[in-house]
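Keep in mind that the numbers below use all heavy atoms, side chains included, and drop hydrogens, waters and symmetry copies. Count residues from 1 along the sequence.
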Amino acid sequence: MKHFFLVLLLGPLFGFMACNSPETSSAPSSENTAPEYPALLQEALEAHGGLDTWQSFGQLAYDVYRGEALVDHQLIALPSRKVFIENEQYNIGFDGQQVWVSPDTSAYPGSSARFYHNLQFYFFALPFVLADPGIHYEVLEPREFQGTTYDVLKVTYEANVGDASNDEYIAYFDPSSHQLHLLLYTVTYFSQSPGENYNARLYQDWQTVNGLQVPQRVLGYRWEADSLGEPRGTTEYRNVVLDKTAPDPGIFQMPEEASIADIMP
C-alpha cells in the first residue's frame with residue numbers, strides 16, 4: 001500500500017570523524033576477522049537485544065513523526081543499507097551507489113537529500129550501528145549528566161568512510177541498564193572540516209520490537225556549556241517493523257524520472 005506524507009523536516013546530520021589516537025581501538029573491516037569491541041559497547045549491545053539478533057533481520061521500517069506531524073515512512077534493507085523514504089511530495093532512495101529523488105531533486109525542500117537519506121536510520125539504529133566496520137573507539141572517563149554518572153564512549157570513523165568522515169560523536173550509557181541515554185555529535189557534511197560545536201540527542205523512551213530495544217522518542221538540543229541548551233525538536237518513531245525477510249530489491253531502484261542527489265558541497 002502506498003503511503004502519503006507531510007513535508008519533511010530536516011534534522012541535524014549524524015556522521016563520523018577519523019581518529020588517530022593510539023589509545024583507540026577499531027572495528028575490523030574484514031568479515032573473516034572476529035570483531036573486538038570495547039566491553040562498554042558489548043554491554044550496550046546486549047542491553048538493547050544483542051548484535052546477533054539485530055543482524056538476523058533483513059529489513060527495518062518505521063514512520064518518522066515530529067510531534068504529531070507525520071514526516072515520512074522509511075524502509076531500510078539492513079544488510080545492504082539501501083534506503084527508500086516515502087513522502088507526499090517526493091521519494092528518496094539509495095540503491096547502494098546513488099541517492100536519488102523522485103520526481104527530481106527540486107521536489108526536496110531541504111538542503112540536501114543525500115544529507116538526509118540515512119540520517120534517521122543512524123539515530124534509530126544506535127547502538128547497533130556502532131558495530132559497523134571502520135569505526136574507532138575511545139572509552140572516556142565517566143561523566144555526570146543531570147545528577148547521574150554515565151559510562152562514555154567516543155566513536156569516530158576512518159578517513160573517507162561515508163560522506164562526512166570528519167564527524168564524531170560521544171555516547172552516554174546508563175551504568176546500570178547499559179542503555180544509551182545521551183548522544184553528542186558534530187556536523188561536518190557541508191564544511192567537510194572537523195567541527196567543534198556539539199548537538200545533543202536525548203533518548204527518552206524506548207520500545208521493544210522483536211526482542212530489540214529501539215528508540216520511541218528522542219529529544220534534540222544544542223549542547224552548550226556541557227549541558228542541554230536550546231531545544232531542537234522531538235522525533236518519534238512509530239509503527240516499527242523488523243522482519244527477517246529481505247525487501248523487494250526493485251523498491252530501491254531509481255525511477256526513470258528521478259534525478260541523482262549529488263554529494264555536497
Side-chain angles (χ1 to χ4, degrees), residues 11-17 19 24-25 27 37-54 60 62 64-67 118-132 135-157 167-187 195-238 240 242:
L13 174 67
F14 180 74
F16 307 92
M17 183 179 77
C19 178
T24 62
S25 61
Y37 306 119
L40 172 56
L41 178 56
Q42 294 182 42
E43 292 171 342
L45 292 169
E46 286 302 313
H48 284 270
L51 184 60
D52 288 343
T53 302
W54 166 257
L60 164 69
Y62 48 78
V64 178
Y65 278 77
R66 292 292 180 86
N118 62 357
L119 173 73
Q120 292 296 341
F121 167 73
Y122 272 92
F123 284 136
F124 180 90
L126 285 165
F128 301 109
V129 291
L130 301 187
D132 284 352
I135 295 179
H136 294 276
Y137 306 103
E138 183 180 1
V139 178
L140 303 181
E141 291 296 323
R143 296 183 181 181
E144 184 175 336
F145 173 69
Q146 295 183 340
T148 299
T149 300
Y150 290 89
D151 297 325
V152 182
L153 181 67
K154 182 177 181 179
V155 176
T156 59
Y157 255 43
D167 279 12
E168 63 179 39
Y169 61 98
I170 298 172
Y172 287 48
F173 295 97
D174 187 283
S176 298
S177 68
H178 305 297
Q179 282 189 328
L180 177 66
H181 183 68
L182 176 70
L183 177 74
L184 309 182
Y185 61 97
T186 61
V187 177
E196 298 180 355
N197 299 320
Y198 286 92
N199 295 293
R201 291 262 167 162
L202 184 62
Y203 285 75
Q204 189 165 37
D205 297 307
W206 296 89
Q207 55 188 317
T208 302
V209 180
N210 286 1
L212 296 181
Q213 292 290 310
V214 297
Q216 180 172 340
R217 191 158 69 111
V218 182
L219 282 61
Y221 295 89
R222 291 189 183 276
W223 185 248
E224 301 172 349
D226 293 327
S227 62
L228 298 179
E230 175 189 357
R232 304 192 69 184
T234 299
T235 302
E236 290 195 26
Y237 302 96
R238 303 182 187 179
V240 179
L242 279 159

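The distance from the CD atom of E230 to the CZ atom of R222 is 5.0 Å, given to the nearest 0.5 Å. Summarising the geometry, atom CG belonging to L41 is positioned 12.5 Å from atom NE2 belonging to H178; distances are rounded to the nearest 0.5 Å. Separating the OG1 atom in T208 from the CD atom in Q216 is a distance of 9.5 Å, to the nearest 0.5 Å. We find the CZ-CZ distance between R232 and R201 to be 8.5 Å, quoted to the nearest 0.5 Å. Taken to the nearest 0.5 Å, the OG1 atom of T156 stands 5.5 Å off from the NE2 atom of H136. Atom CG of L60 and atom CG of L242 lie 5.0 Å apart (nearest 0.5 Å).
Here the two rings, on Y185 and F123, have centers that are under 6.0 Å apart. Proximity of the aromatic rings of W54 and H48 is defined here by a centroid distance below 6.0 angstrom, and this criterion is not met.
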### Message
The test is side-chain contact (heavy atoms from CB on, under 4.5 Å); show your working for F124 and V64 and say whether it passes.
### Response
CA-CA 10 Å; F124 180 90; V64 178; over 6 Å; no
### Message
Pair V155, Y137 - check side-chain contact (heavy atoms from CB on, under 4.5 Å), show working.
### Response
CA-CA 5 Å; V155 176; Y137 306 103; 4.1 Å; yes
### Task
Output, in order, the C-alpha distance, side-chain angles, deciding distance and verdict of side-chain contact (heavy atoms from CB on, under 4.5 Å) for N199 and L183.
CA-CA 8 Å; N199 295 293; L183 177 74; over 6 Å; no
### Message
Run L130 and Y37 through side-chain contact (heavy atoms from CB on, under 4.5 Å) and show every step you take.
### Response
CA-CA 9 Å; L130 301 187; Y37 306 119; over 6 Å; no
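When all heavy atoms of L45 and P127 are compared, the closest pair comes out as CD2-O, 3.7 Å. When all heavy atoms of L126 and Y203 are compared, the pair lying nearest together is CD1-OH, 3.3 Å. Contact detail for A47 and S177: the closest heavy-atom pair is CB-O, 3.2 Å. Of all the heavy atoms in A171 and F173, the pair that sits closest is CB-CE1, 3.6 Å. Of all non-hydrogen atoms in W206 and V214, the two that sit nearest each other are CE3-C, 3.2 Å. Taking each heavy atom of P38 and V139 in turn, the nearest pair found is CB-CG2, 4.0 Å.
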Under 3.5 Å, which donor-acceptor pairs link side chains of residues 141-151 to any protein atom two or more places apart or in another chain?
| unit_1 | atom_1 | unit_2 | atom_2 | d |
| --- | --- | --- | --- | --- |
| R143 | NH1 | Y172 | OH | 3.3 |
| Y150 | OH | H181 | NE2 | 3.3 |

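A donor-acceptor pair is defined here as one N or O able to donate and one able to accept, closer than 3.5 Å; no such pair exists between the side chain of Q179 and the backbone of A44. Side chain of Y221 to main chain of S227: no donor-acceptor pair is present (N/O by atom type, distance under 3.5 Å, no hydrogens or angles).
For the salt bridge (Lys or Arg N to Asp or Glu O under 4.0 Å) condition, no pair includes a residue of residues 39-54, sequence neighbours left out.
A 4.5 Å side-chain heavy-atom check between L182 and L228 finds at least one atom pair inside the cut-off. Side-chain contact between D132 and Y122 is present, with heavy atoms from C-beta onward closer than 4.5 Å.
Side-chain N/O atoms of T235 and R66 include a donor and acceptor closer than 3.5 Å. Checking Q120 against Y237 by side-chain atom types alone, a donor-acceptor pair falls below 3.5 Å.
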